Protein chains: 2
Amino acid sequence: MNFEIKYKDARGRVGVLKTPHGNVITPALMPVIHPGRQTLDVKKFGAEIVITNAYIIYKNKDLRIKALENGVHNLINFSGPIVTDSGSFQLSEYGDIDVSNQDIIEFQEKIGADIGTSLDIPTPPFVKRGRAEKELEITIKRAKESLNVRKDMMLNSVVQGSTYIDLRAKCAQTIGGMDFEVHPIGAVVPLMESYQYSTLLDVIMSSVDNLPDSRPRHLMGAGHPMIFAFTVALGCDLFDSAAYILYAQDDRFLMPNGTYKLENLYQMPCSCEVCCTYTPDDLRKMPKDARMKLIAQHNLNISFAEIRLIKQSISEGSLWELVEERCRVHPYLLEALRNLKKYTSKIEKYDPSNKKSAFFYTGSESLQRVEINRHLNKLKRLSISKRLLILPPSEKPYSKNISLNINNFYSNIENLNLNVLGTSDDLQVIVVDVPFAIIPLEIDEVYPLAQNESPSTLDEDAKKFVYRILMNHLNKYEEVIISADIMKMFENSLESSLKSQLKYEYKNSSLKIDLDDERKVKYIADYQFGSGSGKALFNGNINIVKSKKTGKIRHVYDNDKLIATLRASDGVLVLGKEGALRLHRYLPYPHNRVIVNEEAEPFAVEGKSIFAKFIIDCDSNIRSSEEILIVNSKDELLAFGRSILCGPEMMDFKTGQAVKTRKGGF
Amino acid sequence: MNFEIKYKDARGRVGVLKTPHGNVITPALMPVIHPGRQTLDVKKFGAEIVITNAYIIYKNKDLRIKALENGVHNLINFSGPIVTDSGSFQLSEYGDIDVSNQDIIEFQEKIGADIGTSLDIPTPPFVKRGRAEKELEITIKRAKESLNVRKDMMLNSVVQGSTYIDLRAKCAQTIGGMDFEVHPIGAVVPLMESYQYSTLLDVIMSSVDNLPDSRPRHLMGAGHPMIFAFTVALGCDLFDSAAYILYAQDDRFLMPNGTYKLENLYQMPCSCEVCCTYTPDDLRKMPKDARMKLIAQHNLNISFAEIRLIKQSISEGSLWELVEERCRVHPYLLEALRNLKKYTSKIEKYDPSNKKSAFFYTGSESLQRVEINRHLNKLKRLSISKRLLILPPSEKPYSKNISLNINNFYSNIENLNLNVLGTSDDLQVIVVDVPFAIIPLEIDEVYPLAQNESPSTLDEDAKKFVYRILMNHLNKYEEVIISADIMKMFENSLESSLKSQLKYEYKNSSLKIDLDDERKVKYIADYQFGSGSGKALFNGNINIVKSKKTGKIRHVYDNDKLIATLRASDGVLVLGKEGALRLHRYLPYPHNRVIVNEEAEPFAVEGKSIFAKFIIDCDSNIRSSEEILIVNSKDELLAFGRSILCGPEMMDFKTGQAVKTRKGGF
């Protein structure tokens, strides 16, 4: 178990990969080092790990002897972790190689590679199924064999299967069940070279979703920074590439927004030292070798900068925004982003519940974001009143900015007394807005319902999306009162269909809405923990303490026992001891629970964080950054805290923290 | 006349601003230099021009004496062009200053400023109209006065008028009619600070569209790289800002995708030397001063890199793509991009007709691009046949990839013989596709109809847009035959309305479409030069020469006289001598013409390029990068060539090339 998670966003993660030659923070780019003729010191540019080719070393007598005598680290003069490839690349390029799987595994271990690779068959995209199946069999056979051959060396096992997603899935499941450390996703270079990003998406998702979460996945041969953010969001952790040098040989500059040819360059494209020091003319006048070296330096600078920016985005919860920005740089990448819709549920369960960053709407593609899907699912947890009042959007949080000047309503109630609305208990008030569609006023401060921004000019997809959700929602209520502004929001085409449902029109009504504090915290609890949780948590002699400064709800007590605190930054309930007890009583096992083994019990009770290896079971629906309960196998409440990993990860990981405990001991 | 244009894209330009201390390539960022305490050598980071504050120098006895004795260049140790501000900033910040307009103008000239500024009143956004009007009067009065006071110094005259776009326009027209060299757009900082980019858009467009094209416009106080691309596309040429140092003082990193606070940084965000050398922890541990200096360096590095990337994008014709990418970084910037629709015509006339880059669809906002609007307008130039055949999209160019397997058609013709289609002369064949909607097969290789990419998954705006255009187009034809794939493309909702118009259904038809070469070049000519141009150009004994290699049309002759060449890269007709003569005969004065004075006649006849100062009139509808005719005031054809400037620019500029002549002498 050589891998643990530090930060998460989308299905991406910042992780730590432990190797004999040191730790690597992922996502990481592994520059390809030619064992015979490397001139750039890639460490200087930020490389923590590199990849070199064991087959080339094996085949060259000089290199072989040196590597066997002094080790591969010495040979390529790199003191950090080294991954070796096995010759599969040569196999795919030249059709045949003259070394056996066993020999090349043994050789990689002998020269001291940190992570070795078995001799897989890189089956190209779109081959006939028979060939893909046959070659996959060999790949898996050799993978198995490599496990018997290796002694201590960490091992790659490559997912193959061409573009047959069932074969990719089967391969991933098979090798994922064996004792490997890292999983490359192989033979995808032709897809990237031909901009077939949607097929790449399918290949990656069918692989990633069937591999253990606890091992890093390496998108083999991916070295163009324009796809790093997108593929990290899908769950890729490692990139390797000779692109920095291959592109440089061809006078091409890598950039996160594409590739620039020197012949077309009028200005240097980035902020790196090379781009700040030279002009395109300077480079054009240089001897080929000097020029190539400088362009390779730029390529490394910009690639590592993109990796850093991705890590930064994961750490602050803005990876989606970065992905949606990057996917604009080529229409086929945008197409892949649009196709990501297919995988919403496979990504949503890994995406953290709460983030430090606001949700930014970057275009109609943002409607597919997993946060929206999650919100609509969580809405089902809320109780339904008899009557529904629908308000137009205002500044967020809506409940603080409801306009009292709404002066035209439509309703299906014949004799509506609008003045009664404010105090009625059987009335549900929602705001309709882009992109979260339906926002009950009680939960309008819960992340991300207040922490999002979108343009006020709506695109057609947004209108259609919100309209569809709204129409479905209306059906749940006997009586509906809707502000005329909502009609305007959706323009004439929609007005007709709504108006026919809501035939009574009321003008010049003045409206006052009192949000009951107890109702509010109960709704938030239901939204956060599930139906009925509010009632279970907040009963007894409820005392709601508000901030004197902001007037916002801060704490909820039963007499002097703290049930929960409403976190000001994101409107989320953080349990107090009494709240944890009540929630544990209410929610049936294993809901919202992490079950730890006996060894961990005393640590949990002391309030220490829970490491993944102590977890024997959990609610598989737990997302990261949720408030959860920690119990033993008898379902005795030990502690409560915030999940760092999501349910499936908690079960799969054996290293690293899984839960940040808030308090223990009952 | 100190400004000329080198490259253009959108309404942006790469230009050369000439000053006594050297030339500056615009767009340019002018770092603000504090005259008393500058520590960074901004030249090292790419600054070609800086701005400093004459009022601060004037008020400080020490600085004043030094500046008067040795000049401002010596004082701030910068040998390039220096702009001085007048104290307006202090006026806006502190309400009052104690220097007269005349005194500060004289002082700026005495200390040797390259470009001085009069004492305008920076009226904030959203003040009462009365105040805006009153202050604008003073601003204009002082501007006039400054013209009388200055001797040789170049002068800024600032556009004010708060957020009243009519006042901005009036101010721009008034001072644009006077003898200034540069026009700042003032008092916009509060709009940028509060993310009111849509209002900023209105302020910029009302200013830019009423200022002379031949002078650079300076977006005053703009220093955040996230808005550079957008505002350059609107016509801004200069930026000035203390942001690099102000943000650094506050531990904030400028980035084209927003601002990063050091306290939230896990990884350094860019590829610059600072970001490659230090970690966020390194910086956090540093003394404040050292840290600030490094962050300021990063801020300068990334800001100048963005300016370079913008210049690069203009030079290659991909500025729209960069703008659409950058506008995703904040929803309010996206809102401004969506509001750009209002200004389509004001931007379209400046946007070049032909570009080196393909058109990339980056999201539904791309439907607003001026190229699409222009295409739909040019379509009106084409003759209409009796019958219309509508095909679904295929790979581009469509005419080379029409599928013969289309096996289901709808039509309003009862007895349709589909086999006759291919040879019928009264039949128009179009492809319907996103984003150009209607593409007649004859012109499908003309830029950008073949040089564009969009995702195959359509957004609702694209469907609605293309559908609307299609329905309008259908009305022009008596008989319509439409492939069933088009129905599928627009889904069920649209199928119903189309089907009712087209009630006859035909299955299993095989289709052959022969594109007549002569018809093709005539259509291209009509599209490019106007209705009837094809007939006028291509008559007589037409001989079409094709490339042996590609089979594409290369040249069109009448006997041995070259009428035109069809440029392979973008499918545009480049006139031959005979073509120029025929077009000149056909198109009425002043269509497609640039009229030069007597002085320029011999140069034109010799085939030398036409400089703007020789142009006495022109067709105001000429766009840049079009094939045009060069005549004298008697409308005698002198030469023909490619426009570098558009019509309005040709009339306004007095320096630089306006037309690249291909051939002269008849």
Side-chain angles (χ1 to χ4, degrees), chain A residues 7 14 45-46 198 255 257 260 264-273 275-276 298 301-312 314-316 321-322 324-326 328-332 334-339 356 360-365 452-457 459-461 463-464, chain B residues 7 14 45-46 198 255 257 260 264-273 275-276 298 301-312 314-316 321-322 324-326 328-332 334-339 356 360-365 452-457 459-461 463-464:
Chain A
Y7 301 108
V14 169
F45 298 92
S198 290
M255 284 288 285
N257 64 335
Y260 291 86
N264 299 328
L265 269 194
Y266 164 58
Q267 299 274 316
M268 300 295 276
C270 95
S271 62
C272 86
E273 209 183 337
C275 288
C276 288
H298 156 86
N301 281 331
I302 196 72
S303 300
F304 282 110
E306 182 68 0
I307 294 284
R308 284 198 304 272
L309 192 61
I310 290 167
K311 287 180 189 163
Q312 171 64 27
I314 293 175
S315 80
E316 69 184 22
E321 279 77 12
L322 185 67
E324 292 184 2
E325 195 191 328
R326 292 295 187 244
R328 311 282 167 185
V329 305
H330 196 284
Y332 296 171
L334 185 61
E335 171 69 13
L337 178 68
R338 290 180 174 184
N339 287 330
K356 286 184 217 157
F360 275 3
Y361 189 94
T362 73
S364 60
E365 295 75 14
N452 70 84
E453 292 287 355
S454 54
S456 50
T457 304
D459 53 71
E460 291 298 323
D461 287 88
K463 283 181 206 161
K464 202 172 161 182
Chain B
Y7 302 107
V14 170
F45 297 92
S198 289
M255 283 289 284
N257 64 335
Y260 291 87
N264 299 327
L265 269 194
Y266 165 58
Q267 300 274 316
M268 301 295 275
C270 94
S271 61
C272 86
E273 209 184 337
C275 288
C276 288
H298 155 87
N301 281 331
I302 197 72
S303 299
F304 282 110
E306 182 70 359
I307 293 284
R308 284 197 305 272
L309 192 61
I310 290 167
K311 287 181 190 161
Q312 171 63 28
I314 295 175
S315 80
E316 68 184 22
E321 280 76 12
L322 184 68
E324 292 183 3
E325 194 190 330
R326 291 297 188 243
R328 312 282 167 185
V329 306
H330 195 285
Y332 296 171
L334 185 61
E335 170 70 12
L337 178 68
R338 290 179 173 186
N339 286 330
K356 288 184 216 159
F360 275 4
Y361 189 94
T362 72
S364 60
E365 295 75 14
N452 71 84
E453 293 287 355
S454 53
S456 50
T457 302
D459 52 72
E460 291 297 324
D461 288 88
K463 283 182 208 162
K464 203 173 161 182

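Below, chains carry the letters A, B, ... as their sequence lines are ordered, and counting in each starts from 1. Everything numeric in this text was worked out from a predicted model, so none of it was measured.
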Less than 4.5 Å apart, side chain to side chain, heavy atoms only: is that true for [X] and [Y]?
X	Y	result
A:Leu322	A:Leu309	yes
B:Cys276	A:Asn301	yes
B:Ile302	B:Glu306	no

Which atoms of [X] are under 4.5 Å from chain A, going by heavy atoms: the side chain, the backbone, both sets, or neither?
X	answer
B:Tyr332	side chain
B:Phe45	neither
B:Ser315	side chain
B:Val14	side chain
B:His330	both
B:Glu321	neither
B:Asn339	side chain

Is a side-chain N or O of [X] found less than 3.5 angstrom from the main chain of [Y], in a donor-acceptor match?
X	Y	result
A:Asp461	B:Glu460	yes
B:Gln312	A:Asn264	yes
B:Glu335	A:Thr457	yes
A:Arg328	B:Glu325	no

Using a 4.5 angstrom heavy-atom cutoff, name the option from [options] with the most pairs to chain B.
options	result
A:Glu316, A:His298, A:Arg326, A:Met268	A:Met268
A:Pro455, A:Pro269, A:Cys272, A:Cys270	A:Pro455
A:Tyr260, A:Tyr7, A:Tyr266	A:Tyr266

All side chain to side chain donor-acceptor pair (under 3.5 Å) counterparts of A:Ser364, not counting sequence neighbours: none
Heavy-atom pair count under 4.5 Å with chain A, highest-scoring of B:Cys275, B:Ala336, B:Ser303: B:Cys275
Option in B:Glu453, B:Glu273, B:Arg338 with maximal non-hydrogen atom pairs under 4.5 Å from chain A: B:Arg338
